[in-house]
There are 2 protein chains.
Amino acid sequence: MTTLPGMADEELLRLDQQLCFSLNAASRAFGGVYRVLLKDLGLTYPQYLVMLVLWEDGELPVKRIGERLRLDSGTLSPLLKRLEVAGLVSRERSPEDERSVTVRLTSEGSALRERAGQVPRRLLTATGLPIEDLAALRGLLERVTGALDSALVEPAP
Amino acid sequence: MTTLPGMADEELLRLDQQLCFSLNAASRAFGGVYRVLLKDLGLTYPQYLVMLVLWEDGELPVKRIGERLRLDSGTLSPLLKRLEVAGLVSRERSPEDERSVTVRLTSEGSALRERAGQVPRRLLTATGLPIEDLAALRGLLERVTGALDSALVEPAP
DNA sequence: CACAATTCAATTGCGCACAACTAAATCGCG
DNA sequence: CGCGATTTAGTTGTGCGCAATTGAATTGTG
């Protein structure tokens with residue numbers, strides 16, 4: 001296995017460039033395809049992600065949604081407000097803990113799930129990759145994310 | 001090889017969820033690490049990407065930068081203006097074609113390259129993956145991006 | 001040559017991401 | 001119990017990403 005310490009700065013620069021370019025480009029390419037697939041539903045991609053976790057759990061405090069999606073209140077508060085205006089969710093202070101806000105699907109929000117049914121298939125098809133490669137991609141992404149996150153907490157010596 | 005058409009919607013939903021979650025998370029995790037690495041240089045991650053292509057070519061019209069980075073003028077115009085205010089680039093209408101704006105490194109912009117020298121190594125180290133895996137990841141990302149882009153141009157039948 | 005179509009950058013408007021901060025409720029320790 | 005620390009959402013400000021539009025320069029075509 002080839003390790004980083006043995007490589008020249010030049011080569012590393014090239015790989016870094018390619019890697020950050022391609023990750024950035026891939027992320028935005030996904031966003032673009034989701035954008036057209038979700039247009040009918042009136043959802044943006046991040047809004048769709050929130051709906052996915054709500055479709056699974058029905059109701060959740062803002063905190064939990066943030067943990068699942070790696071998003072903070074600065075992002076979620078206005079996003080949830082827009083979903084509320086759209087009539088897809090309700091927001092209510094929890095009676096047990098008034099700091100917490102419970103986000104609940106409305107019947108309209110639950111109903112939207114049916115219309116979103118074909119989105120995953122159409123998206124995965126659009127990637128042009130077989131299941132195995134998609135799973136491998138997911139695995140690599142999860143590994144780098146975990147490593148990058150812990151690198152942030154514990155900076156290099 | 002397992003193909004999509006044979007799979008149930010349920011399974012596809014799960015994979016789609018995992019994949020878009022992990023891609024999103026990875027993209028933002030990269031951004032987070034770059035953010036701390038680039039803080040000293042006074043650059044954001046997208047600004048760093050622009051500087052990378054300028055460090056390679058010295059000067060480029062806005063159009064070319066956009067092609068390299070998959071960004072349009074709506075994103076680049078204000079970003080380049082900020083780089084200009086920071087003293088790293090100059091912008092000038094091309095004399096041959098007055099529609100085009102040439103972006104040039106200033107001496108300060110060129111000098112910044114030295115200070116950025118260790119960024120790629122530190123970032124790649126933070127991923128915690130060996131070179132082979134990073135290259136495989138890049139390969140998968142490029143394939144997906146290509147497929148997604150062409151799927152956008154030619155929508156599903 | 002004239003004029004319609006195209007190219008290129010900039011601007012506007014909207015939504016997301018994140019840092020920094022605020023405000024309110026809860027927790028926990030003395 | 002009382003009071004400081006922590007938790008939880010929300011707000012503000014900055015920057016990116018993209019769609020849609022504008023305006024100026026250029027190109028192509030009759």
Side-chain angles (χ1 to χ4, degrees), chain A residues 20-21 23-36 38-39 42-51 60-67 69-86 89 91-103 149 152, chain B residues 20-21 23-36 38-39 42-51 60-67 69-86 89 91-103 149 152:
Chain A
C20 65
F21 279 21
L23 184 61
N24 223 263
S27 175
R28 303 212 312 281
F30 261 77
V33 173
Y34 272 115
R35 190 171 304 118
V36 307
L38 296 173
K39 190 164 191 177
L43 292 177
T44 65
Y45 178 33
Q47 287 166 10
Y48 172 68
L49 296 182
V50 170
M51 293 304 287
L60 281 173
V62 174
K63 184 76 195 311
R64 293 274 162 277
I65 300 179
E67 286 169 2
L69 301 182
R70 218 173 172 283
L71 293 172
D72 68 3
S73 67
T75 301
L76 285 175
S77 289
L79 187 156
L80 291 168
K81 204 175 291 182
R82 282 186 284 271
L83 289 181
E84 189 178 35
V85 170
V89 307
R91 292 185 305 153
E92 195 184 0
R93 292 261 158 209
S94 162
E96 313 91 65
D97 186 343
E98 295 259 332
R99 291 170 304 181
S100 177
V101 168
T102 304
V103 180
D149 279 346
L152 262 190
Chain B
C20 65
F21 279 22
L23 185 62
N24 225 266
S27 176
R28 302 214 310 283
F30 261 77
V33 173
Y34 271 115
R35 191 172 303 118
V36 308
L38 296 173
K39 191 164 190 179
L43 292 176
T44 66
Y45 178 33
Q47 287 166 10
Y48 173 67
L49 296 181
V50 170
M51 293 304 286
L60 281 172
V62 174
K63 185 77 192 315
R64 292 273 161 279
I65 299 178
E67 286 169 1
L69 300 182
R70 222 175 169 279
L71 294 172
D72 68 1
S73 66
T75 301
L76 286 175
S77 288
L79 187 157
L80 291 169
K81 203 176 291 184
R82 283 185 284 271
L83 288 181
E84 188 178 36
V85 169
V89 307
R91 294 186 303 152
E92 197 184 359
R93 292 259 159 213
S94 162
E96 311 91 66
D97 186 342
E98 295 261 331
R99 291 169 304 182
S100 176
V101 168
T102 303
V103 181
D149 279 344
L152 262 189

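In what follows, chains are A, B, ... by sequence order, proteins preceding strands, each numbered from 1. Note that these values count all heavy atoms, side chains included, but never hydrogens, waters or copies made by symmetry.
- In this entry the distance linking CD of B:Glu96 with C1' of D:dT27 reads 16 Å, nearest Å.
- Atom CZ in A:Arg64 sits roughly 7 Å away from atom P in D:dT8 (whole-Å rounding).
- Closest to the side chain of A:Asp72, out of C:dC18, C:dA9, D:dT26, is C:dC18.
- Both B:Thr102 and A:Pro78 lie close to DNA chain C; mapped to their nearest nucleotides by heavy-atom distance, the more 5′-ward contact belongs to B:Thr102.
- Distance from the side chain of A:Leu71 is smallest for C:dA17 among the nucleotides C:dT7, C:dA17, C:dA25.
- Put simply, OG on B:Ser100 and CG on B:Leu60 are 10.0 Å apart, with the number rounded to the nearest 0.5 Å.
- For the pair A:Asp97 CG and C:dA25 C1', the interatomic distance rounds to 7 Å; values are reported in whole Å.
- Under the 30°/60° scheme for interplanar angles, the aromatic rings of B:Tyr34 and B:Tyr48 are found to be tilted.
- Toward the 5′ end of DNA chain D lies the nearest nucleotide of A:Lys63, the other residue of the pair B:Thr75 and A:Lys63 mapping further downstream.
- The CG atom of B:Leu49 sits 8.0 Å away from the CG atom of B:Leu71 when rounded to the nearest 0.5 Å.
- Distances shorter than 4.0 Å separate some side-chain N or O of A:Ser100 from OP1 or OP2 on D:dA9.
- Here the nucleotide nearest the side chain of A:Arg99, chosen from C:dA10, C:dC8, C:dT26, is C:dT26.
- Within the nucleic acid shown, A:Thr44 comes within 4.0 Å of sugar-phosphate atoms alone, with no base atom in reach, counting heavy atoms only.
- In this structure, A:Leu23 places its CG atom 12 Å from P of D:dG17, rounding to the nearest Å.
- B:Arg28 has a side-chain polar atom (N or O) that falls below the 4.0 Å cut-off from OP1 or OP2 of C:dC18.
- Within the 4.0 angstrom heavy-atom criterion, no nucleotide atom of any strand lies near A:Leu76.
- The side chain of B:Asn24 lies closest to C:dA17, out of C:dA17, D:dG17, C:dA10.
- Between the CG atom of A:Leu79 and the P atom of C:dC18 there is a distance of 13 Å, given to the nearest Å.
- Residue A:Arg91 is in sugar-phosphate contact alone, with no base atom involved, counting any heavy-atom pair closer than 4.0 Å across all strands shown.
- Distance B:Leu80 CG to C:dT11 C1': 15 Å, rounded to the nearest Å.
- Across all strands shown, B:Lys81 has heavy atoms under 4.0 Å from sugar-phosphate atoms exclusively, and none from any base.
- Going from atom CG of A:Leu60 over to atom P of D:dT8 covers 14 Å, rounded to whole Å.
- DNA chain C is contacted by both B:Arg93 and B:Lys39; B:Arg93 maps to the nucleotide lying nearer its 5′ end (nearest heavy atom per residue).
- Between the P atom of D:dG10 and the CD1 atom of A:Ile65 lies a distance of 10 Å, rounded to the nearest Å.
- In this structure, B:Arg35 reaches the C:dA19 phosphate: one of its side-chain N or O atoms is under 4.0 Å from OP1 or OP2.
- At least one side-chain heavy atom of A:Val50 sits less than 4.5 Å from a side-chain heavy atom of A:Leu76.
- Between A:Ser73 and the phosphate of D:dA9, there is no side-chain N or O to OP1/OP2 separation shorter than 4.0 Å.
- Side-chain atoms of A:Arg28 come within 3.5 Å of backbone N or O of B:Arg70 as a donor-acceptor pair.
- Judged by distance alone, the side chain of A:Arg35 and the main-chain N or O of A:Thr44 form no donor-acceptor pair under 3.5 Å.
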